[in-house]
Amino acid sequence: MFGYFGPEGTFTHQALLTLVGDGAQARPYATVAAALAAVRAGEVEASVVPIENSVEGGVPATLDYLGAPDQDPVNIIGEVLVDVSFELAGRPGSTLADVRAIITHPHAAAQCRSWIGEHLPDAAVTERGSTAGAALEVARPDSPFDAAICAPVARELYGLVTLASDIGDLSDAVTRFVLVARPGHLPARTGHDKTTLTAYMRQDRPGALLEILQQLAVRGVNMCRIESRPTKTAMGSYCFSIDMEGHIDDARMAEALVGLRRVCQDVVFLGSYPRADDRPQSVPADGTDAEYAAANAWLAGLRP
């Protein structure tokens with residue numbers, strides 16, 4: 001059984017189907033926190049949640065509930081990138097000319113405002129619930145709404161037809177979703193991996209962030225993402241959510257993690273896993289496993 005941030009028919013549901021296949025049993029949860037809590041409680045094998053959007057950046061709820069030090073540990077074991085492509089979907093037999101009332105989620109409405117203004121300037125747009133819920137509403141024969149702005153998976157799920165596709169103002173928007181499980185399964189390194197963690201500063205002082213970044217820079221570890229998040233303990237207290245190129249089994253990454261643990265108050269390791277875009281990580285000439293092994297052998301040779 002797999003969990004996901006629902007409801008059924010959302011982009012997260014689409015991400016789940018991509019990651020685990022159509023035949024897997026799935027259970028939707030109303031919030032990201034609930035989907036992750038289900039993993040920690042053993043209700044599901046793993047859950048899919050959104051973590052990053054190419055337009056909006058990191059998803060705060062996911063970053064906070066993944067990296068909370070007072071929660072049982074979880075690990076990211078996979079990721080997938082989903083194009084955020086919105087459709088205008090209506091009941092079978094309807095056409096674009098029939099659309100007078102549209103329903104969708106507020107975020108979808110905002111991202112499709114320009115298209116609606118150009119092609120359906122007289123249509124009333126109601127913002128409510130989710131894009132999947134909008135599709136379900138339009139599927140009702142007696143619905144007062146003529147069309148929904150939703151994901152293709154929702155249109156298929158509720159038997160609607162496409163009246164217009166790719167109607168979002170940002171045609172290249174992408175959301176990154178992660179598959180989160182309990183510790184115990186660490187994906188093998190592939191040469192195109194990511195490692196994710198949350199680092200908590202030992203003390204708020206000048207150079208504290210620089211000290212964290214130096215642990216990565218001096219070992220040739222490249223960051224893919226870094227975001228500050230409040231620790232929720234006091235005003236001005238922040239931690240850092242970080243994605244890095246590489247795997248915990250890479251010598252340079254292992255040493256970087258040790259360095260971070262040494263200079264930070266706490267480091268919450270959130271997994272090493274294959275990156276969805278298959279891009280190989282950049283490894284400096286002095287950062288290969290062979291170079292680290294040679295340096296360690298040299299050090300060992302200095303001892304009598």
Side-chain angles (χ1 to χ4, degrees), residues 19 51-52 54 57-58 63 66-67 69 73-81 174 176-203 205-229 238-304:
L19 281 166
I51 192 171
E52 183 183 9
S54 61
L63 300 181
L66 273 178
V74 292
N75 282 175
I76 298 171
I77 59 173
E79 69 172 13
V80 65
L81 303 176
V174 175
R176 174 179 160 229
F177 297 86
V178 291
L179 182 64
V180 181
R182 293 180 297 281
H185 169 63
L186 185 67
R189 62 175 172 173
T190 64
H192 47 88
D193 305 293
K194 280 182 184 175
T195 293
T196 298
L197 58 82
T198 302
Y200 289 81
M201 294 188 300
R202 188 179 300 278
Q203 184 180 5
R205 58 178 176 78
L209 175 57
L210 176 60
E211 191 173 33
I212 290 174
L213 299 181
Q214 283 177 330
Q215 302 305 315
L216 308 181
V218 298
R219 295 172 176 88
V221 174
N222 187 42
M223 287 190 304
C224 312
R225 179 188 59 84
I226 181 170
E227 297 184 55
S228 62
R229 293 296 305 156
Y238 286 85
C239 59
F240 298 94
S241 175
I242 306 173
D243 290 337
M244 301 163 289
E245 289 185 351
H247 192 280
I248 190 174
D249 288 338
D250 297 333
R252 70 186 187 286
M253 179 64 74
E255 287 209 6
L257 293 175
V258 171
L260 288 172
R261 185 64 184 85
R262 182 175 52 81
V263 303
C264 293
Q265 175 181 328
D266 195 6
V267 176
V268 180
F269 174 74
L270 293 171
S272 292
Y273 50 93
R275 50 188 302 163
D277 58 10
D278 290 331
R279 190 174 76 183
Q281 57 252 31
S282 56
V283 183
D286 60 354
T288 64
D289 284 4
E291 288 294 328
Y292 272 90
N296 286 328
W298 171 82
L299 179 62
L302 298 178
R303 297 188 177 96

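None of these values were measured; they are calculated from a predicted model. We count residues from 1, following the sequence as given.
In this structure, CG on Leu63 lies 11.5 Å from CD1 on Ile242, to the nearest 0.5 angstrom. To the nearest 0.5 Å, atoms CG (Leu209) and CD (Gln214) are separated by 10.0 Å. Between the CZ atom of Arg229 and the OG1 atom of Thr198 there is a distance of 10.5 Å, given to the nearest 0.5 Å. The structure places CG of Leu270 at 7.5 Å from CD1 of Ile51, a figure rounded to the nearest 0.5 Å. Annotation: the span from Ile76 atom CD1 to Leu186 atom CG amounts to 12.0 Å, rounded to 0.5 Å. Atoms CG and OH, on Asp286 and Tyr292 in that order, are 7.0 Å from each other to the nearest 0.5 Å.
Note on Glu227 versus Arg225: salt bridge recorded, some NZ/NE/NH1/NH2 to OD/OE distance being below 4.0 Å. With respect to the salt-bridge test (charged N to carboxylate O, under 4.0 angstrom), the residues Arg252 and Glu291 do not qualify.
Between the side chain of Asp289 and the backbone N or O of Ala251, at least one donor-acceptor pair lies under 3.5 Å. Using a distance-only test at 3.5 Å, with no hydrogens or angles considered, no donor-acceptor pair links the side chain of Asn296 to the main chain of Ala293. One N or O on the side chain of Asp193 and one on the backbone of Gly191 form a donor-acceptor pair closer than 3.5 Å. The main-chain N or O of Gly57 is never found under 3.5 Å from a side-chain atom of Glu52 such that the two would form a donor-acceptor pair. A donor-acceptor pair under 3.5 Å is absent between the side-chain atoms of Thr195 and the main chain of Met244, judged by distance alone.
The side chain to side chain donor-acceptor pair (under 3.5 Å) test with Asp243 singles out one residue from Arg275, Lys194, Arg176, and that residue is Arg176. Of the listed residues (Arg219, Arg189, Arg279), just one forms a salt bridge (charged side-chain N to carboxylate O under 4.0 Å, His left out) with Glu245, and that residue is Arg279.
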CA sep, side-chain torsions, deciding dist, call: Val283, Asp250, side-chain contact (heavy atoms from CB on, under 4.5 Å): CA-CA 10 Å; Val283 183; Asp250 297 333; over 6 Å; no

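Pairing each heavy atom of Gln215 with each of Val218, the nearest pair is O-CG2, 4.0 Å. Pro73 approaches Pro183 most closely through the heavy-atom pair O-CD, 3.1 Å. Minimum heavy-atom separation, Tyr200 to Gly67: OH-O, 2.8 Å. Taking each heavy atom of Ala208 and Met201 in turn, the nearest pair found is CB-SD, 3.4 Å. Looking at every heavy atom in both residues, Gln281 comes nearest to Gly246 through NE2-CA, 3.7 Å. Of all heavy-atom pairs spanning Pro274 and Pro187, the tightest one is CD-CB, 3.9 Å.
Using a 4.5 Å heavy-atom cutoff, the side chains of Tyr273 and Thr196 are in contact. Put simply, the side chain of Leu260 does not reach to within 4.5 Å of the side chain of Val221, judged on heavy atoms. At a threshold of 4.5 Å between non-hydrogen side-chain atoms, the residues Cys264 and Ile212 count as touching.
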